[in-house]
Amino acid sequence: MSEAERRARAERLAALRATGADPYPASIGAVMPLAGVRERWDALDAAALEATPERVAVAGRVMAIRSFGKLVFFTLRENGATLQLSFRKPELDPETLATLGLVDVGDFVRSEGVVWRTRTGELTVGATSVRVIAKCLHPLPEKWHGLVDVEARYRQRYLDLLVNEEARRIALVRSRTVTAMRSFLDGRDFLEVETPVLQPLYGGAAARPFTSRFEAYDQTVYLRVSDELYLKRLVIGGLDRVYEIGRDFRNEGVSRKHNPEFTMMECYQAYADYEDMMELVQAMVQHVVAGVMGGTRLVFREQEIEFGGVWPRVSIRDALLEKTGVDVLAAPDFATLRARVLEKGLDPGEAPTWGQLVDQLFSDHVEPTLVQPTFVTNHPVELSPLAKRSTEDPRLVERFELFVAGMELANAFSELNDPADQRARFDEQRLAAAAGDQDAHPLDEEFLLALEHGMPPTGGLGLGIDRLVIVLTDAQHIREVLLFPYMRPEGA
RNA sequence: GGGCGCGUAGCUCAAUUGGCAGAGCAAGGGACUCUUAAUCCCUAGGUUCGGGGUUCGACUCCCCGCGCGCUCACCA
């Protein structure tokens, strides 16, 4: 039983203390990283190591103990690297021998010894000392199967990271993805900024917010659903190229590609339009894929995805015409479009307006088919209240979405900078809200005041980091790429 | 929120129509100076998610609750 095992470990902890040792010391002295030990001695064979014996100090977590009576092996792990320790009991001093008997799998130890190679060729530190530098009071998950239980993996992610190599790999890819993205944007003279998470009014995306209470001011506040309206204020203020990487929060359902809090990269570039953002996002994702994965292609759910070259673009109208046979621009009002959809034997669903019906048709019939990187352009103005109207067709806007693996990865437009048009769009949103659209954008007078001071023509882009990492790691679920996905509390 | 499924030892999993809750790893004791899923012998380990019900008897069947998964809805 675990209680017995915990007690046994606690007793060994007490025994360690009884020897006068501190089982949780603050400082342990210099040690060489295990990867460094490997780097330095891996090329030498047993004879060469014996000819020039060198002492080294190492530290790490004990992942396995194999005892042969007078000879004991530890597998030590530190920062992703492993190294074997050996102890020849007859050669140890009494204190070291006593401490050795009090080490459990999971403990952190520090040892010193001479580097040698066993008969099986394993690089090993022949330890002559051992010191427990942090005690582990629980048994680790089983070494062969690892931790399988999904709930336990998320609730105790540290165990998942410890025993499941895949969890560690995803965490590394995610970190490197963000690093590569930063270096790309920094290289293009973008300035990294931070805007409020806690907002008196939310905006920038069609989404339901989380609400909270600011007690000191006795006011309702919202967790941001997007950074957009604040980043634009910075462009208005002359910070011509800005980006932010941060959490957005949307009070909506969860799915394998939706989590209530997720990480978004948004960037804005003055004197640019959506076509410039197309070039930017393509170069940025290619930079990330090359830097993190090496190369231009990867496999996602058994399909090869090629990130190299120039990505194709298709308008929403053309894509829908191809997949459904319906020309949405030739059906300019809701009733006509709905009739066409029914004629084709398709399900028009519950969509209440022309724009939302277009959106639904796209989600149902086009989105899942966009496996290779593809730009989809020219969205209905109704769905894009912050984007500049197309000069060719006032029903459409200068916007694109990037799809990969059937998922929207990025969204960009030529930003609407005409304050009169922006006010009109907010008014339309207000009507939509009155008609029951819970995701409509609220009117933001302060944002309009900023726009009235003049915003240069600007291209803006938002990219979902979690989704990009899903694609890069071939993850089955967005939770796999989040270190701590939301879990209901146990036994509530 | 709806539907379907799952919850057994610290971990990974068994348990026949409803009939004595088991194994491996981990743990405790012992043997072993080259293992790396070490091996061999012995031992211990359970509120079968929680509560209620049916029954001579419930891990198993029924009801309620909790948690998790899949899926639909909502939603970028």
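A, B, ... follow the sequence lines: proteins, then strands. Residue 1 opens every chain.
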Check your understanding: Using purine N1 to pyrimidine N3 plus N6-O4 or O6-N4 for Watson-Crick, or N1-O2 and O6-N3 for G-U wobble, both under 3.5 Å, which nucleotide pairs with B/G46?
Key -> none

Check your understanding: Of the residues in residues 460-474 of chain A, which ones touch RNA chain B at a heavy-atom distance under 4.0 Å?
Key -> none

**Study point:** Minimum heavy-atom distance between A/Leu461 and A/Met284, given as atom pair plus value
**Key:** CD2-CE, 3.9 Å

Protein-nucleic acid N or O pairs under 3.5 Å, nucleotides 3-5 of chain B:
none

Exercise for review: Report the residues that fulfil ring pair (Phe, Tyr, Trp, His ring centres under 6.0 Å) with A/Phe413, sequence neighbours left out, ordered by chain and then residue number.
Suggested key: none

Study note, to complete from the structure: By salt bridge (charged side-chain N to carboxylate O under 4.0 Å, His left out), A/Glu166 pairs with (sequence neighbours left out) A/Arg169

**Study point:** Spacing between A/Asp104 atom CG and B/C11 atom C1', to the nearest angstrom
**Key:** 16 Å

Review point. Quantified in whole Å, what is the C1' atom distance between nucleotide B/C74 and nucleotide B/A58?
Key: 41 Å

Check your understanding: Please give, in whole Å, the distance from B/A26 C1' to A/Met63 CE?
Key -> 13 Å

Exercise for review: For A/Arg155, enumerate each residue passing the side-chain hydrogen bond (donor to acceptor under 3.5 Å, both in side chains) test, keeping only those at least two apart in sequence or located in another chain.
Suggested key: A/Glu151

Exercise for review: Hey, which sits more toward the 5' end of RNA chain B by its nearest nucleotide, A/Glu91 or A/Val105?
Suggested key: A/Val105

Practice item. Please determine if a side-chain N or O atom of A/Arg256 lies less than 4.0 Å away from the OP1 or OP2 oxygen of B/C75. Key: no

Practice item. Select base, sugar-phosphate, or nothing to describe what A/Val163 touches, counting heavy atoms under 4.0 Å on all strands. Key: nothing

Practice item. Compare the minimum distances between each of B/A26, B/C75, B/U33 and the side chain of A/His258, then state the nucleotide with the smallest one. Key: B/C75

Review point. Given atom CG of A/Leu102 and atom P of B/G28, what is their separation to the nearest angstrom?
Key: 11 Å

Practice item. Within residues 272-284 of chain A, find the residues that approach RNA chain B with a heavy atom at under 4.0 Å, and present them sorted by residue number. Key: none

**Study point:** Among B/C75, B/U35, B/C11, the one nearest A/Asp439 by side-chain distance
**Key:** B/C75

Between the protein and nucleotides 36-40 of chain B, are there any N/O to N/O pairs under 3.5 Å, and if so, what are the atom names and distances?
unit_1	atom_1	unit_2	atom_2	d
B/U36	O4'	A/Arg66	NE	3.1
B/U36	O2	A/Gln84	OE1	3.3
B/U36	N3	A/Glu122	OE1	3.2
B/U36	O4	A/Thr120	OG1	2.1
B/A37	O3'	A/Lys143	NZ	3.3
B/A37	N1	A/Trp144	NE1	3.4
B/A38	OP1	A/Lys143	NZ	2.1
B/A38	N6	A/Ser67	O	2.9

Exercise for review: With sequence neighbours excluded, tell me which residues meet ring pair (Phe, Tyr, Trp, His ring centres under 6.0 Å) with A/Phe403.
Suggested key: A/Phe362

Review point. Looking at A/Arg224 and A/Glu194, does any basic side-chain N land under 4.0 Å from a carboxylate oxygen?
Key: no

Point to revise | Out of B/C11, B/G69, B/C34, whichever nucleotide has its closest atom nearest the side chain of A/Tyr154 | key: B/G69

Exercise for review: Go through the structure and list residues passing salt bridge (charged side-chain N to carboxylate O under 4.0 Å, His left out) with A/Arg66, not counting sequence neighbours.
Suggested key: none

**Study point:** Gap in Å between the two C1' atoms, one belonging to B/G52 and one to B/C66, rounded
**Key:** 15 Å

Review point. Between B/U12 and A/Arg153, is there an OP1 or OP2 to side-chain N/O distance shorter than 4.0 Å?
Key: no

Review point. What pairs with A/Phe74 under ring pair (Phe, Tyr, Trp, His ring centres under 6.0 Å), at least two apart in sequence or on another chain?
Key: A/Phe87

**Study point:** Presence of salt bridge, A/Arg256 and A/Glu480, under 4.0 angstrom
**Key:** no

Review point. Charged N to carboxylate O below 4.0 Å: is that the case for A/Asp466 and A/Arg174?
Key: yes

**Study point:** Length of the CD-C1' vector between A/Glu252 and B/G1, whole Å
**Key:** 15 Å

Point to revise | P-based separation of B/A27 from B/C63 [nearest Å] | key: 43 Å

Practice item. Would you mind classifying the nucleic acid contact of A/Asp149 as base, sugar-phosphate or nothing, using non-hydrogen atoms under 4.0 angstrom? Key: sugar-phosphate

Review point. Do any side-chain nitrogens or oxygens of A/Arg155 fall under 4.0 Å of OP1 or OP2 in B/C68?
Key: yes

Practice item. Name the pairing partner of B/C6, where a pair is Watson-Crick or G-U wobble with both distances under 3.5 Å, or state none. Key: B/G67

Practice item. Looking at every strand, decide which applies to A/Arg399 at a 4.0 Å heavy-atom threshold: base, sugar-phosphate, or nothing. Key: base

Check your understanding: Across all strands, who's sitting opposite B/G24 as a Watson-Crick or G-U wobble pair, both distances under 3.5 Å?
Key -> B/C11

Review point. Say you pick atom P in B/C13 and the same atom in B/U8; how far apart are they, in whole Å?
Key: 10 Å

**Study point:** Partners passing salt bridge (charged side-chain N to carboxylate O under 4.0 Å, His left out) against A/Glu54 (at least two apart in sequence or in another chain)
**Key:** A/Arg40

**Study point:** Span that lies between the P atom of B/U60 and that of B/G53, in whole angstrom
**Key:** 14 Å

Check your understanding: Can you check the A/Asp364 CG to B/C75 C1' distance for me, whole Å?
Key -> 13 Å

Exercise for review: Pick base, sugar-phosphate or nothing for A/Ala205, based on heavy-atom distances below 4.0 Å to the nucleic acid.
Suggested key: nothing

Review point. For the pair made of CD in A/Gln356 and P in B/A73, what is the distance, rounded to whole Å?
Key: 16 Å

Practice item. Compare side-chain N and O positions of A/Arg9 against OP1 and OP2 of B/A27 and report whether any pair is under 4.0 Å apart. Key: no

Review point. Would you call A/Glu350 and A/Arg338 a salt bridge, taking side-chain N to carboxylate O under 4.0 Å as the test?
Key: no

Check your understanding: With a 4.5 Å limit on heavy-atom distance, are the side chains of A/Phe375 and A/Gln282 in contact?
Key -> yes

Review point. From the list B/G67, B/C13, B/C70, which nucleotide is the closest neighbour of the side chain of A/Val148?
Key: B/C13

Check your understanding: Taking A/Thr195 as the fixed residue, which of A/Glu228, A/Glu244, A/Glu266 is the one that meets the side chain to side chain contact (heavy atoms under 4.5 Å, CB included) rule?
Key -> A/Glu244

Study note, to complete from the structure: A/Leu123 atom CG is separated from B/U35 atom P, nearest whole Å, by 16 Å

Check your understanding: B/U12, B/C70, B/A27: which one has an atom nearest the side-chain heavy atoms of A/His477?
Key -> B/C70

Practice item. Can you tell me the distance, in whole Å, between the NE2 atom of A/His138 and the P atom of B/A27? Key: 15 Å

Practice item. Answer yes or no: does a side-chain N or O of A/Arg12 lie under 4.0 Å from OP1 or OP2 of B/A27? Key: no

Check your understanding: Below 4.0 angstrom, N of the basic side chain to O of the carboxylate: do A/Arg247 and A/Glu261 qualify?
Key -> yes

Practice item. Name all residues meeting the salt bridge (charged side-chain N to carboxylate O under 4.0 Å, His left out) criterion together with A/Asp273; count only those two or more places apart in sequence or in a different chain, and write none if there are none. Key: none

Check your understanding: A/Glu151 has a side chain; which of B/C68, B/C34, B/A26 sits nearest to it?
Key -> B/C68

Check your understanding: Are the charged groups of A/Glu401 and A/Arg467 less than 4.0 angstrom apart, N to O?
Key -> no

Check your understanding: Using the P atom in both, what is the distance from B/C41 to B/A23, to the nearest Å?
Key -> 14 Å

